[in-house]
J.: 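My structure is below; once you've seen it, I'll send some questions.
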There are 2 protein chains.
Amino acid sequence: MEHKNPIQVAGRLFGALEFLAETGSAGLMEVSAALDLNKTTAHRVLNSLIYMGYARQNAVNGRYESTFKVVDVANRIMGMVDIVQIVRPYLRKLMEATGETVHFVERDGIDAVYIDKVESLSNGIQMVSRIGSRIPLYCSGVGKAMVAEMDEWEIEEIWNNSEIIRLTPYTITDHDDFKAELEEIRERGYALDNEENETGVRCIACSLKEPMGSARHAFSISAPVSRMDNDRIRELADSALKVREEIAEKLRS
Amino acid sequence: MEHKNPIQVAGRLFGALEFLAETGSAGLMEVSAALDLNKTTAHRVLNSLIYMGYARQNAVNGRYESTFKVVDVANRIMGMVDIVQIVRPYLRKLMEATGETVHFVERDGIDAVYIDKVESLSNGIQMVSRIGSRIPLYCSGVGKAMVAEMDEWEIEEIWNNSEIIRLTPYTITDHDDFKAELEEIRERGYALDNEENETGVRCIACSLKEPMGSARHAFSISAPVSRMDNDRIRELADSALKVREEIAEKLRS
DNA sequence: CTGTTTATTTCATATTATGGAACTAATTTT
DNA sequence: AAAATTAGTTCCATAATATGAAATAAACAG
């Protein structure tokens with residue numbers, strides 16, 4: 001535990017909000033139990049959230065639930081991220097060309113954060129990704145695509161700070177394998193996630209190089225293995241690389 | 001002022017977070033000034049947000065900025081709103097058929113809250129709508145579409161509780177005009193927003209009737225007046241009504 | 001180098017959050 | 001139908017926590 005929250009209630013307030021966001025709705029006692037709070041405290045915390053408009057009490061069953069206010073705050077934040085607005089049309093085109101779900105991420109430390117998503121129209125399976133959620137760099141297509149562009153020392157730092165876990169039988173957990181993989185990515189120009197993060201899902205990923213400094217963004221095409229044999233991979237990679245070039249051009253202008 | 005926040009810091013914490021979301025980034029003194037806080041307090045509040053992962057301090061310039069954590073929380077909330085997942089494919093189809101931006105809202109008191117949006121590909125102008133943001137029922141297409149389905153007493157209540165403001169020269173501010181408008185909507189089956197909320201933008205809106213009780217959701221097609229003459233309105237209204245029927249069928253199953 | 005602004009740390013104090021207890025309302029059991 | 005259980009709300013004395021003045025440090029401008 002790295003020190004402690006300089007404001008105790010803060011943890012309780014945001015904890016309650018997160019709990020409501022996860023559960024959809026909860027009674028006072030549930031919140032009280034989940035956050036290990038005295039019920040009076042839980043009651044006060046919830047009423048504070050209600051006062052500020054972040055929560056409400058359901059009129060019919062009295063249960064507490066979150067409002068859309070935090071959604072508004074979130075979309076204010078996303079509205080400031082210019083790269084999303086610029087890149088989205090290209091990602092949409094890529095989804096339409098391939099018929100598969102396309103993701104867009106931004107690097108944050110040893111993780112990538114999903115900042116946009118264009119879902120496949122004909123999706124049988126739903127991707128579990130969520131805008132704002134994180135995925136480790138070391139075991140994701142988008143992550144590896146960005147890491148491949150980095151300096152040796154930064155790659156080492158990421159590998160050493162990452163908690164290497166075998167998420168699936170295909171997850172790369174050996175340092176040498178990882179470095180070999182990165183070399184392959186550099187040669188090919190795109191990264192491949194062969195069920196390394198989630199069983200049954202393959203991704204093709206490209207990073208966007210910054211004018212200077214290492215890559216901060218990447219996009220990927222995700223599809224179930226059943227639609228991703230070697231031929232399809234080559235086909236999709238072509239589309240991805242073309243789009244990557246188009247975006248690069250747009251960013252230069 | 002309706003009483004006061006049962007937890008004083010709560011207002012400061014969320015105020016700081018909202019401020020960072022609005023400005024993109026801010027120095028300590030800016031936060032301190034904006035929220036009228038002692039700089040020590042501002043510092044502690046910001047550090048609490050950082051501790052919880054909702055904010056960070058930019059490594060190069062030391063300025064405070066929000067992270068994507070609140071975006072994650074927001075999308076957790078949105079993920080629980082099933083109606084969005086169900087309706088989205090239809091709204092997408094509608095956007096593709098019409099080439100115009102489509103919005104989806106949920107009623108909340110005297111407002112509608114945007115809960116989904118499918119943006120036009122060939123958009124010249126950007127709609128200022130934001131997921132999570134609110135629009136009054138009385139002066140919006142989606143709002144009027146829902147109000148038209150309500151009982152007399154509820155319509156009165158909404159009108160009386162709304163702060164009627166002439167947002168544009170076309171905004172309906174007369175009670176009788178409003179009631180006449182609602183009657184027209186009932187006859188036509190769809191609502192029209194003729195620059196009543198934002199100059200230069202016309203909308204066609206349909207509500208989704210609930211199995212029982214009054215309408216809680218509505219969708220709309222928005223376009224600049226230049227692309228919305230009477231002929232186009234009839235054409236778009238046809239598309240909208242057809243999609244409304246398709247959604248209704250899906251919801252019955 | 002000097003003055004100025006901004007950020008961080010310290011600490012005594014008072015305000016604020018805390019939780020036990022009492023109370024009410026709703027739901028379930030006997 | 002009464003009793004018991006559970007959930008939700010209000011009250012209040014107390015302790016713990018957030019507060020802000022002041023001191024210090026760091027960054028920046030002239």
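Chain naming here is simple, since letters A, B, ... match the order of the sequence lines and numbering starts at 1 in each. All heavy atoms count here, side chains included; hydrogens, waters and symmetry mates do not.
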J.: For A:K144, which residues count as a salt bridge (charged side-chain N to carboxylate O under 4.0 Å, His left out) partner, sequence neighbours excluded?
T.: A:E181, A:E196
J.: For B:T199, enumerate each residue passing the side-chain hydrogen bond (donor to acceptor under 3.5 Å, both in side chains) test, keeping only those at least two apart in sequence or located in another chain.
T.: none
J.: Do A:R76 and B:E18 meet the salt-bridge criterion of a basic N to acidic O distance under 4.0 Å?
T.: no
J.: Taking B:T171 for the side chain and B:L167 for the main chain, is one N or O donor matched with an acceptor at less than 3.5 Å?
T.: yes
J.: Any side-chain donor-acceptor pair under 3.5 Å between B:T67 and B:R56?
T.: no
J.: Between the opening five pairs and the closing five pairs of the helix from C:dC1-D:dG30 to C:dT30-D:dA1, how far apart are the helix axes, to 10°?
T.: 40°
J.: Are any protein N/O atoms closer than 3.5 Å to N/O atoms in nucleotides 8-10 of chain D? If there are, list each pair with its distance.
T.:
from   : atom 1 : to    : atom 2 : distance (Å)
D:dG8  : OP2    : A:L28 : N      : 3.0
D:dG8  : OP2    : A:M29 : N      : 3.1
D:dG8  : N7     : A:K39 : NZ     : 3.4
D:dG8  : O6     : A:K39 : NZ     : 2.8
D:dT9  : OP1    : A:Q57 : NE2    : 3.0
D:dT9  : OP2    : A:H43 : NE2    : 3.3
D:dT9  : OP2    : A:Y64 : OH     : 2.5
D:dT9  : O5'    : A:H43 : NE2    : 3.4
D:dT10 : O4     : A:T40 : OG1    : 3.4

J.: What is the 5' to 3' range of DNA chain C, first to last nucleotide, that sits under 4.0 Å from any heavy atom of chain B?
T.: C:dT6 to C:dA17
J.: Round to the nearest Å and state the distance from B:R44 atom CZ to D:dA16 atom P.
T.: 18 Å
J.: Can you list every pair that meets ring-ring contact (aromatic ring centres under 6.0 Å, His included) and has a residue in residues 12-31 of chain B, with sequence neighbours left out?
T.: A:F14-B:F14, A:Y54-B:F14
J.: Is there a donor-acceptor pair closer than 3.5 Å between any side-chain N or O of A:R12 and the backbone N or O of A:T41?
T.: no
J.: How about B:S48 and A:N5: does a side-chain donor come under 3.5 Å of a side-chain acceptor?
T.: yes
J.: Can you name the side-chain hydrogen bond (donor to acceptor under 3.5 Å, both in side chains) partners of B:K39, sequence neighbours left out?
T.: none
J.: Can you list the residues that meet the salt bridge (charged side-chain N to carboxylate O under 4.0 Å, His left out) rule with A:E149, with sequence neighbours excluded?
T.: none
J.: Test of understanding: with side-chain contact (heavy atoms from CB on, under 4.5 Å), list the residues that count as partners of A:E163, not counting sequence neighbours.
T.: A:I165
J.: Under the salt bridge (charged side-chain N to carboxylate O under 4.0 Å, His left out) rule, collect the residues that match up with B:R44, sequence neighbours excluded.
T.: none
J.: Looking at DNA chain C, which of residues 13-21 of chain B put a heavy atom within less than 4.0 Å of it?
T.: none
J.: Expressed as a whole number of angstroms, how long is the span from B:D36:CG to D:dG20:C1'?
T.: 13 Å
J.: Just jot down the side-chain hydrogen bond (donor to acceptor under 3.5 Å, both in side chains) partners of B:N75, sequence neighbours excluded, or say none.
T.: none
J.: Under 4.0 Å from OP1 or OP2 of D:dT17: is there any side-chain N or O of B:Q8 that close?
T.: no
J.: Return the 5'-most residue of the pair B:V60, B:V9 with respect to DNA chain D, ranking by each residue's nearest nucleotide.
T.: B:V9
